[in-house]
Protein chains: 2
Amino acid sequence: MGKLVQEINKRLRAHGGRMTIQRRLILETLETLTNHPTAEELFALARQRDPALNLSTVYRTLRLLEQEDLVSTRIFNEERRQERFDPAYPSEHHHFMCTACKSVIEFETDSIGQIKMQFERRFDARVETGSIVLYGLCVQCRQEGNPTKPGTGDR
Amino acid sequence: MGKLVQEINKRLRAHGGRMTIQRRLILETLETLTNHPTAEELFALARQRDPALNLSTVYRTLRLLEQEDLVSTRIFNEERRQERFDPAYPSEHHHFMCTACKSVIEFETDSIGQIKMQFERRFDARVETGSIVLYGLCVQCRQEGNPTKPGTGDR
DNA sequence: CTTCGTGCAAACTGTTTGCAGACCT
DNA sequence: AGGTCTGCAAACAGTTTGCACGAAG
């Protein structure tokens, strides 16, 4: 059984919440994904196992996870202006998105620390968080000779 | 007279386009702004000078600028999921957003070059663009004792 | 005069919400 | 039994579009 299911179960009980069939299904589906899915993508997958599942239930479950700091959301520069849901790790991480296949790769770097400090000194500000997003072509898409999109993937 | 107005005028003529009162007003208003406005913000300001102006004209003009690579768009992690329009400079730049007052500061850094290269080597990918977004408190808001938002400004 | 652009209202996309019934404990 | 959660449909926010009139060249 997945960690997410256990974790949410624990927290739900503390507030009188319930672990329903739908929530379990959604959490389990989310755990199988390495990519950062949209609500629709997650919905499409979970629905294969329960055709009666409703999109609003997916959203409600994802917002629940968000409140519990178990996922975070982000809008990449894609054609469709939709949120992608990122299973939250304890450590700050950054993203690469392939402009051809839309897959997301996470990575870490400590350069960001330097950048934050530089900025704080220069503008006398307080920086709390920072995120880097890279856009380009992943190995597979590069090898398949995918063109770099005109406009480099930005909308 | 603003550079944007001149530049767009030139490009419009090349395609048989027209410099209308509304477009001139919108461009002039955009030029007075240092912040990265939303369409609504720009609309509200421009409307002070022409109350008959319509929001869809603002959008159409901004999309025109976007096609001509004179602005780029970006969605920050704010409560409202709205695009902000960034007058495009030739050089790659990055952003800081104050989580209290929503003002945006632009900055440059060459650390991003390192990060791109590291990523390319590590994942055998091709990185085309990269952007850094920092969130925190600007000088003014920090001095006014504004609290760092729970959740650090991320939605 | 002939296009191109505007205002208006309606459509559209992604996400949220009110409600009545279903389900968990 | 009681409150929580779901599915549905309708609302919502931000953005886009079709159309008929108005204005730029």
Side-chain angles (χ1 to χ4, degrees), chain A residues 5 8-27 29 36-44 46-47 49-68 71-85 102 155, chain B residues 5 8-27 29 36-44 46-47 49-68 71-85 102 155:
Chain A
V5 178
I8 284 286
N9 210 344
K10 197 176 72 184
R11 303 199 192 185
L12 282 173
R13 291 185 187 279
H15 299 63
R18 292 165 188 177
M19 176 54 68
T20 62
I21 292 176
Q22 292 91 337
R23 283 180 174 166
R24 175 171 290 110
L25 171 58
I26 292 166
L27 297 176
T29 306
H36 293 21
T38 63
E40 295 252 16
E41 287 167 357
L42 185 55
F43 172 58
R47 200 175 212 188
R49 288 218 269 144
D50 175 6
L53 183 66
N54 193 278
L55 180 56
S56 54
T57 304
V58 174
Y59 273 108
R60 283 189 276 233
T61 303
L62 286 168
R63 295 306 172 204
L64 173 64
L65 286 171
E66 199 179 0
Q67 276 177 243
E68 297 292 328
V71 303
S72 63
T73 72
R74 156 177 311 284
I75 299 179
F76 292 91
N77 281 345
E78 302 178 79
E79 292 250 331
R80 299 178 64 183
R81 234 183 317 270
Q82 56 196 351
E83 290 182 66
R84 288 188 174 271
F85 295 83
K102 309 298 179 194
R155 196 169 6 92
Chain B
V5 178
I8 284 287
N9 210 344
K10 198 176 71 183
R11 302 200 193 184
L12 281 173
R13 290 183 187 281
H15 300 62
R18 293 164 189 179
M19 176 55 68
T20 62
I21 292 176
Q22 292 90 335
R23 282 180 175 167
R24 176 172 289 110
L25 170 57
I26 293 166
L27 297 176
T29 307
H36 292 21
T38 63
E40 295 252 16
E41 287 167 358
L42 185 54
F43 173 57
R47 199 175 212 189
R49 287 219 270 145
D50 175 6
L53 183 66
N54 192 278
L55 180 57
S56 55
T57 304
V58 173
Y59 273 108
R60 282 190 275 234
T61 302
L62 286 169
R63 295 305 171 204
L64 173 64
L65 287 172
E66 199 180 359
Q67 276 176 240
E68 296 293 329
V71 302
S72 64
T73 72
R74 157 176 312 284
I75 299 179
F76 292 91
N77 280 347
E78 300 178 80
E79 292 251 331
R80 298 177 63 182
R81 236 183 316 270
Q82 56 196 351
E83 290 182 68
R84 289 188 173 271
F85 295 84
K102 308 298 178 195
R155 194 168 5 90

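In what follows, every chain begins at residue 1, and chains take the letters A, B, ... in the order their sequences are listed.
- Residue B:Arg80 contributes atom CZ, which lies 12 Å from atom C1' of D:dC12 at whole-angstrom precision.
- If you take CZ of B:Arg47 and P of C:dT6, they are 15 Å apart, rounded to a whole angstrom.
- Put simply, the side chain of B:Arg11 gets close to the backbone of B:Glu68: a donor and an acceptor are under 3.5 Å apart.
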Sub-3.5 Å pairs of nitrogen or oxygen atoms, protein against nucleotides 23-25 of chain D:
unit_1, atom_1, unit_2, atom_2, d
D:dA24, N3, B:Arg18, NH1, 3.3

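- The two atoms that bring A:Leu53 and A:Ala46 nearest to each other are CD2-CB, 3.6 Å, heavy atoms only.
- As a whole-Å value, the separation of B:Phe43 CZ from C:dG7 C1' is 11 Å.
- Closest of all the heavy-atom pairs between A:Ile26 and A:Val58 is CD1-CA, 3.8 Å.
- Atom P of nucleotide D:dG14 and atom CZ of B:Phe76 are separated by 17 Å, given to the nearest angstrom.
- When the P atom of C:dT16 is taken as reference, atom CG of A:Leu62 falls 10 Å away, rounded to whole Å.
- When the side-chain nitrogen and oxygen atoms of B:Asn54 are compared with OP1 and OP2 of C:dC8, one or more of them lie within a distance under 4.0 Å.
- Between A:Asn54 atom CG and A:Tyr59 atom OH the span is 11.5 Å, to the nearest 0.5 Å.
- Comparing B:Phe85 and A:Leu12 by the nucleotide of DNA chain D whose heavy atom lies nearest to each, the residue mapping closer to the 5' end is A:Leu12.
- Residue B:Arg81 places none of its side-chain N or O atoms closer than 4.0 Å to OP1 or OP2 of C:dT15.
- Between the side chains of B:Glu83 and B:Thr73, a donor-acceptor pair is found at a separation under 3.5 Å.
- Between the B:Arg81 side chain and the A:Arg81 main chain, no donor and acceptor come within less than 3.5 Å of each other.
- Summarising the geometry, the separation between CD on B:Gln82 and C1' on D:dC12 is reported as 14 Å, rounded to the nearest angstrom.
- Along DNA chain C, the nucleotide nearest to B:Leu53 and the one nearest to B:Gly16 differ in position, and the one closer to the 5' end is contacted by B:Gly16.
- Going from atom CD of B:Glu83 over to atom C1' of D:dT16 covers 11 Å, rounded to whole Å.
- Residues B:Asp50 and B:His15 both approach DNA chain C. Their nearest nucleotides, taken by heavy-atom distance, put B:His15 toward the 5′ side.
- Among the nucleotides C:dG7, C:dT15, D:dG7, the one closest to any side-chain atom of A:Ser56 is D:dG7.
- Shown here for A:Leu12 and A:Arg18, the closest heavy-atom pair between the two residues is CD1-O, 3.3 Å.
- What separates CD1 of B:Ile75 from C1' of C:dT13 is a distance of 12 Å, to the nearest Å.
- Checking the phosphate oxygens (OP1, OP2) of C:dT16, a side-chain nitrogen or oxygen of A:Arg63 falls inside 4.0 Å.
- Residue A:Arg60 places no side-chain N or O under 4.0 Å from the OP1 or OP2 atom of C:dT16.
- Remark: A:Gln22 is in phosphate contact with D:dG7, judged by side-chain N or O atoms under 4.0 Å from OP1 or OP2.
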